[in-house]
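Residues take their numbers from the sequence shown, with the count starting at 1. In listed order, ligands and their atoms are each counted from 1. Note that the structure is a prediction, hence the values are computed from the model and not measured.
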Amino acid sequence: MPDSGNIFIKGPSVLKGPVKAGGSKNASLAILAATLVTDEKCVLRNIPRMTDISVMLNLLELLGKKVAREGSAVIIENGSGLRSEAPYDLVKKLRASILVMGALAGRKSSVSVSLPGGCAIGTRPIDLHLKGLVKMGASYRLSGGFINLSSKGLRGKRIYLDYPSVGATENLLAAACRAEGETVIENISREPEVIEMVRFVKQMGVQAEVSGDMLRVSGRRDFNPVDFTVMDDRIQAGTYAIAGCLKNSAVDIEYSNPEHLEPLLDKLRDGGASVTAGENLISVRGVSRFRALEITTAPYPGFPTDLQAPLTALLTRAKGVSVVTEKVFENRFLHCAELSRMGAEIEVKGESAIISGRSSLSGAPVNAMDLRGGAALVIAGMMASGKTRVSGIQHIERGYDNLAGSLRELGADIWTK
Ligand code: EPZ
């Protein structure tokens, strides 16, 4: 991706005021892919404007959908006929393009999707996606970097996921919407964004029920037109809550389901911040010296891996030694070396980062290498004294719509160039 510039921050920052998370990137991506299941019109509201969403919209058009943007709404209608090849040059920009595979497999006898490949945070295999589709009657072969799926129609089956994979749950849910009979998926991901996709397919007319870690879906051939408002972005809201812990800061985050963030909010309270969650609002009051924490990431309702990097940034100035263990992805500490350039004392040992809190950080030029690691560097820049330049902000723009602008409105001395 072309380098889209830098974010500059002159710290330390004190943040005060209200902020609202935009529409959920990850729920939007899964739901946009699921529109391939139906021929009916889908009006999707609260869809954020960010690079990942634009790539998914381009892919839907390429696959034959008509796509229109009206403010924060996206209208998806049938175009000239569904195509079934997702090309490498789009999939390499957006791993989540793999989510079109399940929807297409449910209705096309042959589907070809480029293998997404790995990314900075890990190899990102899709073995669980493919194992489930094979169980439903598909077969596939890998050639030329593509997965070529074929099936004479999918049949509902009982599928057990060896790991509660978000993407595999979403792909198999989309495939089950058109499979013959009932599909039961066990050990599903229960991330709120997955539950949001279930809510969407139910509005399409699909009979889908979640009970504990099991999802039951009855396939069908005809669907309802849908007008659906997507939830707010949980990870954006969580990022602002972490930023609200900065010394003397007082941030009120408008977010529709604060209970989604309890795993994070509980830890912020343990660290000494005052955090209250009300109706559609999370109020965070900062603390002069955050206390060290022990964090282990896990599938929902565990501590979210997507907030590990932003919280690690906060812990670099905590009082005491923190231990952050990353159990979801194999390489999600790329931000630590960059934080060390700002004076942080972090030792990465296997799955854990041991962070000895320092009394101060100093601004420095640093480089974002992945989406959430980039957000971590922005938080560190607001904690540091002096000027920080975060380069590689194309990573940040993939998942935050206007992070610098929102933080500037809260009082940070931050700009992009
Ligand atoms: C989704 O990725 C999110 N992306 C990620 O958010 C998020 O970090 C992740 O879920 C975990 O919550 C989107 O929703 C677009 P997984 P996904 O399948 O679906 C292994 C962000 O920052 N695995 O639950 O790829 C995999 O290697 C992004 O917004 C298999 O081994 O996550 C990983 O270690 C980053 N085989 C773990 O499971 C498979 O077939 C979690 O992956 C599938 C996954």
re atom 36 (N) of ligand 1, the protein heavy-atom contact at minimum distance is Asp127 OD1, 2.7 Å
Does ligand 1 come near enough to Thr305 that some N or O of the ligand is less than 3.5 Å from an N or O of the residue? no
Is there a nitrogen or oxygen of Val166 sitting under 3.5 Å from a nitrogen or oxygen of ligand 1? yes
Between the side chain of Arg341 and the main-chain N/O of Pro365, is any donor-acceptor distance below 3.5 Å? yes
May I ask you to check whether Thr239 and Tyr400 show a side-chain donor-acceptor distance below 3.5 Å? yes
Using a strict cut-off of 4.0 Å, indicate which atoms of ligand 1 neighbour a heavy atom of Arg372. 21 (C), 22 (O), 29 (O)
According to ring-ring contact (aromatic ring centres under 6.0 Å, His included), does anything in residues 190-216 pair up with another residue at least two apart or in another chain? List the pairs. Phe200-Phe228
Numbering the atoms of ligand 1 from 1, which are under 4.0 Å from a heavy atom of Ile126? 39 (C), 40 (O)
Close N or O approach (Lys25, ligand 1; < 3.5 Å): yes
Protein residue, atom and distance nearest to atom 15 (C) of ligand 1, heavy-atom basis: Asn26 OD1, 3.5 Å
What I want to find out is whether Asp39 reaches Arg107 closely enough, with some N-O distance under 4.0 Å, to be called a salt bridge. yes
Does this structure show an ion pair linking Lys25 with Glu193, if we count only N-O contacts that are shorter than 4.0 Å? no
Is atom 20 (C) of ligand 1 touching the protein, meaning some protein heavy atom lies under 4.0 Å away? no
So between Gly122, Ser165, Ala298, Ala30, whose heavy atom ends up nearest atom 18 (O) of ligand 1? Ser165
Can a salt bridge be assigned to the pair Arg291 and Asp270 using a cut-off of 4.0 Å between side-chain N and carboxylate O? no
Are Lys417 and Phe8 in a cation-pi setup, meaning NZ or CZ lies under 6.0 angstrom from the ring centre and within 45 degrees of the ring axis? yes
Which residue owns the protein heavy atom closest to atom 43 (C) of ligand 1, what's the atom, and how far is it? Pro125 O, 3.3 Å
For the 3.5 Å polar cut-off, considering only N or O atoms, please tell me whether Asp306 and ligand 1 meet it. yes
Residue-ligand contact Arg332/ligand 1, heavy atom below 4.0 Å: yes
Looking at Asp227 and Arg45, is any side-chain nitrogen of the basic one under 4.0 Å from a carboxylate oxygen of the acidic one? yes
Please indicate whether any nitrogen or oxygen in Gly167 is less than 3.5 Å from any nitrogen or oxygen in ligand 1. yes
In the protein, what heavy atom is nearest to atom 40 (O) of ligand 1, and what distance, to one decimal place, separates them? Leu128 N, 2.7 Å
Does the N or O separation between Ala96 and ligand 1 drop below 3.5 Å for any pair? no
Quick one: which ligand 1 atoms are inside 4.0 Å of a heavy atom on Tyr163? 37 (C), 38 (O), 41 (C)
May I have the step-by-step check of side-chain hydrogen bond (donor to acceptor under 3.5 Å, both in side chains) for Asp232 and Asn46, ending in yes or no? CA-CA 8 Å; Asp232 292 338; Asn46 198 29; 3.0 Å; yes
For residues 347-354, dump all side-chain donor-acceptor pairs below 3.5 Å to protein atoms at least two apart in sequence or in another chain.
{"from": "Glu351", "atom 1": "OE1", "to": "Lys327", "atom 2": "NZ", "distance (Å)": "2.9"}
{"from": "Ser352", "atom 1": "OG", "to": "Thr325", "atom 2": "OG1", "distance (Å)": "2.7"}

For Val328, the ligand 1 atoms with a heavy-atom partner under 4.0 Å come out as 33 (C), 34 (O), 37 (C), 41 (C)
Would you call Arg317-Glu345 a salt bridge at under 4.0 Å N-O? no
If you measure every N/O of Arg124 against every N/O of ligand 1, is any gap under 3.5 Å? yes
